[in-house]
Number of protein chains: 2
Amino acid sequence: MSRITPKESIEVVDRLGDITALARSLSDENRLRILVYLADGKQSVSRIVEELQLSQPLVSHHLKELKRCLLVNVERNGPFIYYELADPRILHILKDLAAIGEELLANRKTL
Amino acid sequence: MSRITPKESIEVVDRLGDITALARSLSDENRLRILVYLADGKQSVSRIVEELQLSQPLVSHHLKELKRCLLVNVERNGPFIYYELADPRILHILKDLAAIGEELLANRKTL
DNA sequence: TCAACATATAAATACTTATTGATATATTCA
DNA sequence: TGAATATATCAATAAGTATTTATATGTTGA
């Protein structure tokens with residue numbers, strides 16, 4: 001049966017848990033802003049707080065979530081803790097989702 | 001300023017709301033199962049209920065969510081209501097997320 | 001029109017989680 | 001060691017949502 005199913009379905013159906021975990025991480029605007037900011041390279045918590053104008057506990061909370069599903073790596077340097085993207089491909093996902101969203105909305109307006 | 005920012009960031013930062021809406025839709029296993037099932041083509045609600053072994057109200061609820069972010073199109077035929085994928089590219093997103101999840105977990109085991 | 005079926009909606013519950021404010025922990029430097 | 005800074009954690013709250021059970025709506029065929 002698994003030989004018959006197209007490849008896209010196979011890989012996916014065996015990893016629904018991983019997919020939902022990653023998708024959940026991407027379902028918050030502040031976490032997306034953090035990920036996009038980290039696209040420029042590793043940043044300390046305080047830099048993120050300053051750049052995104054969010055409270056420090058809130059940023060720590062979101063970084064914890066991102067770390068939980070392994071989307072960021074952590075590294076201490078003196079008193080600072082730096083976070084960086086674990087896999088830049090996540091940015092491509094964001095871009096693809098943006099493109100899909102854009103097109104779905106455009107088609108809707110056509111109705 | 002927008003000319004300086006890399007293209008990936010530009011498109012994305014202007015559509016954080018769309019991205020989070022789509023990602024939220026993908027953050028539930030039962031919704032993913034529905035999307036994957038719809039990869040085979042349009043299906044009636046009762047077929048989905050039967051195939052996925054979920055209660056009918058639950059399936060209707062999830063279909064409503066998927067429709068809300070335009071991931072599925074709806075079509076009535078007699079007493080049946082058929083749902084189909086609005087954009088098959090969403091399946092590629094699932095595949096990409098599965099691949100990223102797989103690799104992130106594999107690397108973690110290496111630590 | 002009525003019975004049977006397909007689907008949607010409503011109400012209730014339980015669980016998750018984003019956010020805030022307060023506090024704890026850890027590191028550096030004087 | 002102690003003060004200052006960086007970050008994490010905790011407790012509380014509010015808001016969202018997945019699921020269930022019951023019911024309503026809509027469609028068909030007799």
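The sequence lines fix the lettering, A, B, ..., with proteins before strands; numbering per chain opens at 1. Remember, it's a predicted structure, so these values are computed and weren't measured experimentally.
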To the nearest Å, give me how far apart CG (Leu63(A)) and P (dT9(D)) are.
11 Å

Quickly work out the Phe80(A) CZ to dA8(D) C1' distance and round it to whole Å.
16 Å

Please report, rounded to the nearest Å, how far the P atom of dT19(D) is from the CD atom of Gln53(B).
15 Å

What contact category does His61(A) fall into here, base, sugar-phosphate, or nothing, at under 4.0 angstrom with non-hydrogen atoms?
base

Please confirm whether the shortest side-chain N or O distance from Arg76(B) to OP1 or OP2 of dT27(D) is below 4.0 Å.
yes

Does the side chain of His92(B) come within less than 4.5 Å of Asp96(A)'s, by heavy atoms?
no

Please state how far atom CD1 in Ile48(B) lies from atom P in dA6(C), giving the value in whole angstrom units.
14 Å

Of Ser55(A) and Val74(B), whose nearest nucleotide on DNA chain C comes first from the 5' end?
Val74(B)

Step by step, work out the side chain to side chain contact (heavy atoms under 4.5 Å, CB included) result for Arg47(A) and Phe80(A).
CA-CA 10 Å; Arg47(A) 282 274 279 154; Phe80(A) 297 93; over 6 Å; no

Closest to the side chain of Ser44(A), out of dA18(D), dA18(C), dT7(D), is dT7(D)

Please state how far atom OH in Tyr82(B) lies from atom P in dT7(C), giving the value in whole angstrom units.
8 Å

In sequence, state the C-alpha distance, the side-chain angles, and the governing distance for Leu32(B) and Val12(A), and then conclude on side chain to side chain contact (heavy atoms under 4.5 Å, CB included).
CA-CA 9 Å; Leu32(B) 290 190; Val12(A) 166; 5.9 Å; no

Counting side-chain heavy atoms from C-beta on, which of dA18(C), dA8(D), dA6(D) comes nearest to Asp28(A)?
dA18(C)

With hydrogens left out and only the distance checked, is there a donor-acceptor pair under 3.5 Å joining Gln56(A)'s side chain and the base of dA8(D)?
yes

Identify whether any heavy atom of Arg47(B) sits under 4.0 Å from a base atom; if not, whether one sits that close to sugar-phosphate; answer base, sugar-phosphate or nothing.
nothing

Using modelled atom types only, decide if a donor and an acceptor are shared between the side chain of Arg108(A) and the backbone of Leu70(B) within a distance under 3.5 Å.
no

Pro57(B) has its side chain closest, among dT17(D), dA10(C), dA18(D), to dA10(C)

Please classify the nucleic acid contact of Ser46(B) as base, sugar-phosphate, or nothing, using heavy-atom distances under 4.0 Å.
sugar-phosphate

Side-chain N or O of Arg24(B) versus OP1/OP2 of dT17(C): is the shortest distance under 4.0 Å?
no

Whole angstrom value for the distance that separates P of dT9(D) from NZ of Lys67(A):
8 Å

Taking any heavy-atom pair under 4.0 Å as a contact, classify Tyr83(A): base, sugar-phosphate, or nothing.
sugar-phosphate

Of all the choices, dT19(C), dT7(C), dA18(D), which nucleotide is nearest to the side chain of Asn30(A) once you look at every atom?
dT19(C)

Can you identify which nucleotide, out of dT7(D), dA18(C), dT19(D), has its nearest atom closest to the His62(B) side chain?
dT19(D)

Verify the distance criterion only: is there a donor paired with an acceptor across the side chains of Ser60(A) and Gln56(A) at less than 3.5 Å?
yes

Check the distance between dT7(C)'s P and Glu75(B)'s CD and give it to me in whole angstrom.
13 Å

Whole angstrom value for the distance that separates C1' of dT25(C) from NZ of Lys64(A)
14 Å

Do any N or O atoms from the side chain of Arg31(A) and from the backbone of Arg33(A) form a donor-acceptor pair under 3.5 angstrom?
no

